[in-house]
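We name chains A, B, ... by the order of the sequence lines, and we start the count at 1 in each one. Keep in mind that this is a model prediction, so the values were computed, not measured.
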2 protein chains.
Amino acid sequence: MGATIRDVAQAAGVSVATVSRLVNGTGRVRDDTARRVQTAIDRLGFRPNAIGRNLSTARTRTLGVVIPSLSNPVFADAVAGINAEAKAQGYTLMFMATDYVRTDEQALVGTLLAYQVDGLILTVADAADSPVLDALDRDDVPYVLIYNQPTARNRPTVTVDNVTAGREVADFFADLGHERLAMVSGTLTASDRARARRDGFVAGAEARGLAAPRVLEVDFVDLDADAAVAPLFADRTGAPTALFCSNDLLAISVIGALGRLGLGVPADVSVIGFDGIAVGAQLHPTLATVAQPSREMGRVATTRLLARLAGETAAPATVLPHTLRPGESAGPAAKPCPADLQVPFHHNGRSPS
Amino acid sequence: MGATIRDVAQAAGVSVATVSRLVNGTGRVRDDTARRVQTAIDRLGFRPNAIGRNLSTARTRTLGVVIPSLSNPVFADAVAGINAEAKAQGYTLMFMATDYVRTDEQALVGTLLAYQVDGLILTVADAADSPVLDALDRDDVPYVLIYNQPTARNRPTVTVDNVTAGREVADFFADLGHERLAMVSGTLTASDRARARRDGFVAGAEARGLAAPRVLEVDFVDLDADAAVAPLFADRTGAPTALFCSNDLLAISVIGALGRLGLGVPADVSVIGFDGIAVGAQLHPTLATVAQPSREMGRVATTRLLARLAGETAAPATVLPHTLRPGESAGPAAKPCPADLQVPFHHNGRSPS
DNA sequence: GTGAAAGCGCTAACAC
DNA sequence: GTGTTAGCGCTTTCAC
């Protein structure tokens, strides 16, 4: 497409080595030579071919990013953070989405590696049981996980404490007077963090002496929220009054489904999500959630990866603080009232207060 | 990191050419040779170095994507569509965000070009006045614009008809009985499409015999919605009853600000956005909007770019259909009632109906 | 301070 | 069918 280093060298009457030295600031070049070369560069519109450079240096200043999906703001935000930091450090991103197809992880990472990315930032289905990560470890490829749950193998990870967060959610509900808790989660085998959240939630409920929460596993990718939620409320007498959803997008769908079931949020059912996506705060009722600092997580993961690339050997897990963010979707449990006065279900989302 | 083609050749007792032929399926290889080579490949875990290949073929099977930001779902969705189609065609994305800094476009594209992307998909601030695009045209770099407004220069674009859409919004409001329209737009110089929407909107209002809508230009990037919206309602008697926001994110912020001003939506002010981001439908009131098929736009743009790369010379603009999606945020104009009965402003979002 | 030349890993003629 | 070899555009010794 453009001029090569040889063209420039020729035009300036110098060798390619000199051009290279000038362009990269490596090695000294006499002033007037530099001027001559620079003129040629400008005139020819020379832009060094990164591919040629990469081949020769065996570095690309390129980072690979593999995440489940860009359509979930939580990942889009993380990528925005990754990108911001990468850009600031002179790195460029190559990007791949698994679309939650676990078996695709391997191939996507393979593609990125073929392009000789200097390192990877990824969210895998399960960090504790991951052929991809095993392969990366074996080949000693620098990577940092993001969102994934830390494991016994001490893989480098930037995440929040999902177990504690789950426990806090149980506490939060218990404090509000709820006694029958339940969780709606995306496919648990597809998300180690969802499992961690559940574990914390279940443990928290037990610690508070509540019945073990029912855990409903749903297909998050193409979700029929109505069908998914219905079973929980088939027997309305024993139905849960508080629902923990493993992520915000799921929580939003669930709230919609509850409405169509004639259940008000939070009048009949309290709902809390996880992630802290921006829109949650704009909903009515505003979405209670456990907020993760997604953008920051992306930033930190990038910083750690670049440090690793620079030779540092960093700590296995960076645990960033999460925030249980109350919202209108989670309210106190309804006071039990005399049976004959009870009005258990309303057909709009509003409670008679 | 891994084995080279030479290692494989040596291990299999063949030449590199044979390995190359087998790996790329170019040229015939005897069955037993193939087996031997394949064994070596598997044993050594050989993965062809794309950089080497790229240098030699002068193609990278890599597409560059430049958009304003990933944090706006409208762009995230488009990138998701681009990625899906690219992936299906064996292409990988390199990604850059301008963060709405117009002057960065040039450099970002430059970086992508240095990496020898085969083509670009981009959204620029203004397609009609863009040094970047001029440069791309001059160097004959294949690209397709997305979201940008088609211009006289017939640059390849995948978009919706923003002008018509704007006109439809004016009609929509007029049909609802609104007489005082206004628009809140992101920086107009930073968005050719916002200008087009405004033009259509203004023209539409005029066609319906309404007063020229006031157009408020706000800094979308770090927006103080309260301060931005206030001037419109300083004089509440002549204040607009219907607001067109140049995008959904802006509309959401504006609705929040209106609430804090004591103005109900849609009771006191009707609001419509633009983009059709998914969360709009989850808001209460649901967000009226002009929906663009973002994911599909990304897909189509990619298809067109790949066709161009394959040698086809495609049409300048592909205009995809938009959909004016009514929502609760846009309702009929309040019937004027006798002055002494009038209750113009309420301090919650709900009208006394 | 500058140049010559040997690669980096691969593909693609071109020979055989 | 298979091997030889000349690059692709760049960096980087090593001489001078």
Measure all distances between protein nitrogen or oxygen atoms and nitrogen or oxygen atoms of nucleotides 14-16 of chain C, and list the pairs falling under 3.5 Å.
none

* Pair A:Tyr100-A:Ser191, side-chain hydrogen bond (donor to acceptor under 3.5 Å, both in side chains): steps then yes or no -> CA-CA 9 Å; A:Tyr100 298 95; A:Ser191 172; over 6 Å; no

* Asked: When we call it a touch if two heavy atoms are under 4.0 Å apart, what does B:Ala17 touch: a base, just sugar-phosphate, or nothing?
  -> base

* Going by an N to O cut-off under 4.0 Å, is there a salt bridge joining B:Lys87 and A:Asp99? -> yes

* Side-chain N,O (B:Asn49) to OP1/OP2 (C:dC8) below 4.0 Å -> no

* Which ones in residues 29-39 of chain B lie close to DNA chain D, meaning a heavy atom under 4.0 Å from one of its atoms? -> B:Val29, B:Arg30, B:Thr33

* Look at B:Ser15 and D:dG3 and indicate whether a side-chain polar atom (N or O) is within less than 4.0 Å of OP1 or OP2. => yes

* Asked: Side-chain N or O of B:Ser20 less than 4.0 angstrom from OP1 or OP2 on C:dC10?
  -> no

* To do: Using a cut-off of strictly less than 4.0 Å, decide whether A:Thr18 has a side-chain nitrogen or oxygen near OP1 or OP2 of C:dG3.
  => yes

* Ignoring backbone atoms, test whether B:Asn54 places a side-chain nitrogen or oxygen under 4.0 Å from the OP1 or OP2 oxygen of D:dC8. => no

* Asked: Does a donor on one side chain sit under 3.5 Å from an acceptor on the other, for B:Thr159 and B:Arg193?
  -> no

* Asked: If you check every side-chain atom of B:Thr4, which of D:dG9, C:dC10, D:dT12 has the closest atom?
  -> C:dC10

* Please state whether the phosphate of C:dT11, meaning OP1 or OP2, lies under 4.0 angstrom from any side-chain nitrogen or oxygen of B:Thr57. => no

